[in-house]
Amino acid sequence: MSRSSSRTSLAVVGAATALAVLTACGGGGDDTSAAGSDGKPVSITFWGWTKGSKEVVDAFNASHKNIKVVYEEIPSGNAGGYAKISNAVKAGNAPDLVSIEYPQLPEYVSQGALQDIGQYFTEDIRKKLLPQAVELTTLGGKNWAVPFDASPQSFYYRKDLFKKYGVEVPKTWDEFREAAEKVKKADKKARIGTFFPDDPTTFQAMAWQAGAQWYKPEGDTWKVNTTDAATGKVADYWQGLLDDDLIRANASFSPEWTNSLKNGGTVGYLGAAWGAGVLKGTLPEQSGKWAVAPMPSWDGKPASGMLGGSTFAVTKTSKKAKAAVEFATWMSTTEDGIKARIESGTSSAFPAAASLRPVAKKAFDADFYGGEDIYQVFEEAATSIGPNWSWGPTTGTTNTTMKDQFGRVASGGTTVKDAVKAGHDATVAELKKRGLKVEDAG
């Protein structure tokens, strides 16, 4: 990440500091030893969904005698994982450690679902990680999670079909539309990419890339604005692609989406760094046919938002915070942890620990991408992440509303712009409901 990315992180920290709600919530960990008093290993539970997680747990359990990790794979966050975590916290039967993406972390902190891990997330650990990533998980002056990866955007495309159809890799969004038209003209059943009605985070990343700033902390007030020029430009652009039938509208990672990739009906994917592993694991029979390029931008200059990105957080009810943080730290800051995940063949994680990116690059079998140095593409994308985006404490409400409305966009029941406005209104209402000061700039 770049200095601009650092300023993004600082904005998040500033927002959290400005709101006392983020400093007053969350339980405190105990000093349970990572080794049981009876000589038996401490057993901790871990819920996650990121690719390679099972392999990482297996590698940790095989190499550690003092801690045993019991892993449960849950649906990805927006596909039900976050609801499962929230319900478990409310019921008092949450696991010790959970995967939470950066955008959702402030909300879990504000709800008191997590505990401050500062006494275990020590300076010698933090210095191994990008300061920007540490800042994203430092809210109200407290440490709430161990950062794992960063997730700059990239464009994945079928280089064989682009060549066959005479399509140049687009560098701008205008060129992306032209490329979409060429793909459809060359094969009336093929499309260049997909609008994901179930995944507002992809749209948010593109708004971020365009320079939008939905949440802005000013003193003790949240300024909320999704009707700015940047967001409107992105919304109108994607509405135009949908209206002209130049892209598909399938749920992310659904059978419909997967099948369209398999049969050449979809020849591109606007994703994140972790998407390289998704494609490789989903389409092994297409090895050598895919390539990775920078995201198209509005002016042709490098620009990226962040799409997801994972952290590991300890739930408020866990009595085994020390062991949980030891495991999380091993996953994020050791060569063995990174290698175990990447060598699973399904993960292309871009580590927050910059020194481990060469390890990730070496462990990732790039044959699927014709031997291309995809980590160099990710590195360059990370340096172009926009500096002004902040996440607020009601991301769940925003995303749930937008997801519901996006589901109506494909059928013509509403527009992208109106769906975003509905998310805006729900966000403002939820902030007020929680007793926070709001300036509605929309």
Side-chain angles (χ1 to χ4, degrees), residues 1-6 8-10 12-13 46 48 50-53 55-57 59-60 63-64 67 69 97-102 105 117-118 120-139 143-154 272-277 304 306-314 322-344 346-366 373-385:
M1 285 186 174
S2 65
R3 287 188 294 272
S4 66
S5 174
S6 180
T8 302
S9 303
L10 288 171
V12 179
V13 178
F46 168 47
T50 53
K51 298 295 186 181
S53 291
E55 288 82 356
V56 171
V57 171
F60 181 86
S63 59
H64 290 71
I67 302 171
V69 180
L97 192 71
V98 291
S99 287
I100 296 181
E101 293 161 293
Y102 294 107
L105 189 65
I117 60 171
Y120 308 121
F121 189 49
T122 56
E123 177 61 26
D124 65 319
I125 300 172
R126 291 195 291 269
K127 69 183 181 182
K128 297 178 182 179
L129 300 162
L130 282 177
Q132 301 96 313
V134 174
E135 288 162 1
L136 276 171
T137 57
T138 305
L139 307 175
N143 300 113
W144 298 99
V146 177
F148 170 61
D149 66 344
S151 53
Q153 297 169 285
S154 296
W274 47 262
S304 179
M306 276 233 306
L307 179 51
S310 297
T311 76
F312 303 119
V314 180
K322 183 176 182 180
V325 173
E326 181 176 331
F327 170 56
T329 301
W330 185 87
M331 286 194 286
S332 297
T333 66
T334 70
E335 289 192 18
D336 288 343
I338 295 298
K339 284 176 63 178
R341 185 177 297 275
I342 304 298
E343 287 180 348
S344 70
T346 60
S347 175
S348 56
F350 186 68
S355 65
L356 294 178
R357 290 176 190 164
V359 176
K361 174 184 173 180
K362 184 177 180 180
F364 184 82
D365 183 355
D373 186 356
I374 66 172
Y375 275 82
Q376 184 59 39
V377 177
F378 302 157
E379 195 81 49
E380 293 172 358
T383 66
S384 71
I385 293 172

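Predicted model, so just to flag it, every value in this text is computed and none were measured. We number each residue from 1, following the sequence as shown.
Side-chain contact check for Asp124 and Thr122: at least one donor-acceptor pair (N or O, by modelled atom type) lies under 3.5 Å.
Of the possible donor and acceptor atoms, one in the side chain of Ser304 sits under 3.5 Å from a partner among the backbone N and O of Gln153. One N or O on the side chain of Trp144 and one on the backbone of Leu139 form a donor-acceptor pair closer than 3.5 Å. A distance-only check finds a donor-acceptor pair linking the side chain of Ser151 to the backbone of Leu307 [under 3.5 Å]. Listed for the Ser348 side chain is a donor-acceptor partner under 3.5 Å among the backbone atoms of Ala273. In this structure, Asn143 contributes its side chain and Ile117 its backbone to no donor-acceptor pair below 3.5 Å.
With sequence neighbours excluded, the residues satisfying side-chain contact (heavy atoms from CB on, under 4.5 Å) with Ala381 are Pro152. Every residue two or more places apart in sequence or in another chain that forms a side-chain contact (heavy atoms from CB on, under 4.5 Å) with Glu335 is listed here: Leu356, Val359. By the side chain to side chain donor-acceptor pair (under 3.5 Å) test, Glu101 pairs with Tyr82, sequence neighbours left out. With sequence neighbours excluded, the residues forming a side chain to side chain donor-acceptor pair (under 3.5 Å) with Ser344 are Thr346, listed by chain and number. In this structure Thr311 satisfies the side-chain contact (heavy atoms from CB on, under 4.5 Å) test together with Ile100, Tyr102, Leu105, Thr137, Ala145, sequence neighbours excluded. With sequence neighbours excluded, the residues satisfying salt bridge (charged side-chain N to carboxylate O under 4.0 Å, His left out) with Lys361 are Asp373. Residues that satisfy the ring pair (Phe, Tyr, Trp, His ring centres under 6.0 Å) test with Phe364, not counting sequence neighbours, are absent from this structure. Remark: Ser53 pairs with Thr50, Arg341 by the side chain to side chain donor-acceptor pair (under 3.5 Å) rule, at least two apart or across chains. By the side chain to side chain donor-acceptor pair (under 3.5 Å) test, Asp365 is found to be paired with no residue, residues two or more places apart in sequence or in another chain being considered. The side-chain contact (heavy atoms from CB on, under 4.5 Å) check on Ser332 picks up Val146, Phe148, Phe312, with sequence neighbours excluded.
Annotation: side chain of Leu129 is in contact with side chain of Phe121 (closest heavy-atom distance under 4.5 Å). Between Asp336 and Phe60 the shortest side-chain heavy-atom distance does not fall below 4.5 Å. Taking the side chain as every heavy atom from C-beta outward, Trp330 and Glu326 never approach each other to under 4.5 Å. Contact of the Trp274 side chain with the Phe350 side chain is not registered, since no non-hydrogen atoms from C-beta on lie closer than 4.5 Å.
Annotation: the span from Met331 atom CE to Asp149 atom CG amounts to 11.5 Å, rounded to 0.5 Å. Rounding to the nearest 0.5 Å places CZ of Arg126 at 11.0 Å from OG1 of Thr329. To the nearest 0.5 Å, atom CD of residue Glu55 and atom NZ of residue Lys339 are 15.0 Å apart.
Residues Ser154 and Val377 come closest through the heavy atom pair OG-CG1, 4.2 Å. Of all heavy-atom pairs spanning Pro351 and Ala349, the tightest one is CD-O, 3.3 Å.
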